[in-house]
Amino acid sequence: MTSDGVAVGAVDPETVDRARTAAAEADRVVVKAGTNSLTDDDSRLDRVKLDKLVADVMDLRRRGKEVVVVSSGAVGAGIGRLGNGGGTDAVDVDAETDVIEESQALSTVGQSLLMRHYTQSFDRYDQPVAQILVTGADLDAPERFDNFTNTVETLLDWDVVPVINENDAVATDELRIGDNDMLSASAAIALDVDLLVTLTDVDGVYTGNPKRDPDAAVIEAVGANYDAVRDIIGDSTTSDFGGIQTKVEGARDVAESGTPAVIAGSATRDVLERIAAGKPTGTLFVPTSGETNE
């Protein structure tokens, strides 16, 4: 039930338990980290947040799981390197810029810095990583798609953690909110993974905007109640909460392919370990054949 009295509808407990068990037993996982999970309040890359993400990923690796990371944060890293307050060589950039050329240029500066931080952080665990930059066209064109999947499969065979991001320098639409959410869903389906985890700055999908509604509560599971959840998200969306829509859409796409998905808070202690242990965490999207509550 939402704070407006709108019924969300509960998912059958046995269905939830089966999906949670499947998520816990997943052998191959895509973990998507959004911009807010990797940057500070000034939109600069936050090394503490990145280190926590890496530690959480390594919790899965220690369980013998294959992990693919889909990471945002290149623009934020670029702002941190060149932006106002960076010293005498600071460039006048706006963290909220809508100028596509500026965002693209910032991403080119930030991507190498982002990967340097990932490499340094994973090195603490002697875990090798690899960078893969893609655009939507790479997943749409059959030959490029095959090259992408073959490369990832080879890296996983070598026990390397692939870190995927959109190739912002040559793309345009990819810099708008949500594209990495859809990229992670597409990658999860293409790579036939067993679980998609989307980490964000809220603890899951809520019955309202948790940044404005103190009565908003986390929705435990999404399945046949998807239409009601989608309507709630649409009604509660504002500019500071809009990113949840594409996260929900991406998770639903994965669930409809027969794979569980979880949207959870990146700041949650041992968030990936909790999921791997079968503990209720965030919002679980149960595999579905597409049925809704309409």
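- Surrounding CG of D146 are more than 12 heavy atoms belonging to other residues, nucleotides or ligands, all under 6.0 Å away.
- The nearest pair of heavy atoms linking V75 to S107 is CG2-CB, 4.0 Å.
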(request) Check the pair R81, L45 against side-chain contact (heavy atoms from CB on, under 4.5 Å), reporting the backbone distance first and the verdict last. (result) CA-CA 9 Å; R81 177 64 182 86; L45 185 65; over 6 Å; no
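- Remark: the backbone N or O of T268 is paired with a side-chain donor or acceptor of K52 at under 3.5 angstrom.
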Check your understanding: Where do Q120 and R47 land on the side-chain contact (heavy atoms from CB on, under 4.5 Å) test, with the steps shown first?
Key -> CA-CA 11 Å; Q120 291 173 343; R47 181 62 186 263; 3.1 Å; yes
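- In terms of modelled atom types and a separation under 3.5 Å, the side chain of D40 and the main chain of D42 share a donor-acceptor contact.
- At a threshold of 4.5 Å between side-chain heavy atoms, the hydrophobic network of Ile, Leu, Val, Met, Phe, Trp and Tyr places W158 and V30 in one connected group.
- One distance of note links OG1 of T108 with CG of L113; it measures 11.5 Å at 0.5 Å rounding.
- Between V254 and F285, every side-chain heavy-atom pair lies at or beyond the 4.5 Å cut-off.
- Across S266 and S37, no two heavy atoms sit closer than the pair OG-OG, 3.1 Å.
- Annotation: side chain of P162 is in contact with side chain of L156 (closest heavy-atom distance under 4.5 Å).
- Taking 4.5 Å as the limit, some side-chain heavy atom of T207 sits within range of a side-chain heavy atom of I219.
- Of all the heavy atoms in V16 and L284, the pair that sits closest is O-CD2, 3.7 Å.
- Across all non-hydrogen atoms, the minimal contact from A277 to A24 is C-CB, 4.5 Å.
- From K32, atom NZ reaches atom CG of L196 across 9.5 Å, with rounding to the nearest 0.5 Å.
- A donor-acceptor pair shorter than 3.5 Å can be found between the side chains of S121 and D51.
- Counting heavy atoms from C-beta on, the side chains of R20 and P280 come closer than 4.5 Å.
- Linking Ile, Leu, Val, Met, Phe, Trp and Tyr whenever their side-chain heavy atoms come within less than 4.5 Å leaves V57 and L191 in two separate clusters.
- D159 approaches Q127 most closely through the heavy-atom pair O-NE2, 2.8 Å.
- Tracing side-chain contacts under 4.5 Å through hydrophobic residues (I, L, V, M, F, W, Y), one reaches L38 starting from L199; they form part of the same cluster.
- Here the closest heavy-atom approach between residue G204 and residue I244 is recorded as O-CD1, 4.2 Å.
- Remark: R63 does not engage D59 in a salt bridge, criterion side-chain N to carboxylate O under 4.0 Å.
- For the pair V54/V69, no side-chain contact is recorded, criterion being any heavy-atom separation below 4.5 Å from C-beta on.
- Residues D194 and K65 have side chains not in contact (no heavy-atom distance under 4.5 Å, counting atoms from C-beta outward).
- In summary, of the residues considered (V202, T198, V229, V218), a side-chain contact (heavy atoms from CB on, under 4.5 Å) with T283 occurs for V218 alone.
- Using a 4.5 Å heavy-atom threshold, the side chains of F148 and D138 count as separate.
- No side-chain heavy atom of T39 sits under 4.5 Å from any side-chain heavy atom of D46.
- How far CD1 of I132 is from CG of N165: 11.5 Å, rounded to the nearest 0.5 Å.
- Connection of L272 to F122 is established within a shared hydrophobic cluster, with ILVMFWY side chains joined at heavy-atom distances below 4.5 Å, either directly or through further cluster members.
- V222 and V11 fall into different hydrophobic clusters, where Ile, Leu, Val, Met, Phe, Trp and Tyr side chains are chained together by heavy-atom contacts under 4.5 Å.
- For R28 and E153, the salt-bridge test passes: some basic side-chain N is under 4.0 Å from an acidic carboxylate O.
- From D181, atom CG reaches atom CG of D253 across 11.0 Å, with rounding to the nearest 0.5 Å.
- Among I164, V197, V193, V70, the one residue that satisfies the side-chain contact (heavy atoms from CB on, under 4.5 Å) test with S184 is V70.
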Evaluation steps, side-chain contact (heavy atoms from CB on, under 4.5 Å), between E273 and R62:
CA-CA 10 Å; E273 174 68 19; R62 279 189 286 269; over 6 Å; no
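- Considering CG of D270 and CD1 of I275, their distance stands at 11.5 Å, rounded to 0.5 Å.
- Between R230 and E249 no salt bridge is recorded (no basic side-chain N to carboxylate O distance below 4.0 Å).
- Heavy atoms of other residues, nucleotides or ligands lying less than 6.0 angstrom from CG of D140 number more than 12.
- A cation-pi contact links R252 to Y226, judged by a cut-off of 6.0 Å to the six-membered ring centre and 45° from its axis.
- Rounded to the nearest 0.5 Å, atoms CG (L155) and CD (Q131) are 12.0 Å apart.
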| request: Apply side-chain contact (heavy atoms from CB on, under 4.5 Å) to the pair V134 and R144, showing each step before the final yes or no. | output: CA-CA 10 Å; V134 298; R144 292 184 181 185; over 6 Å; no
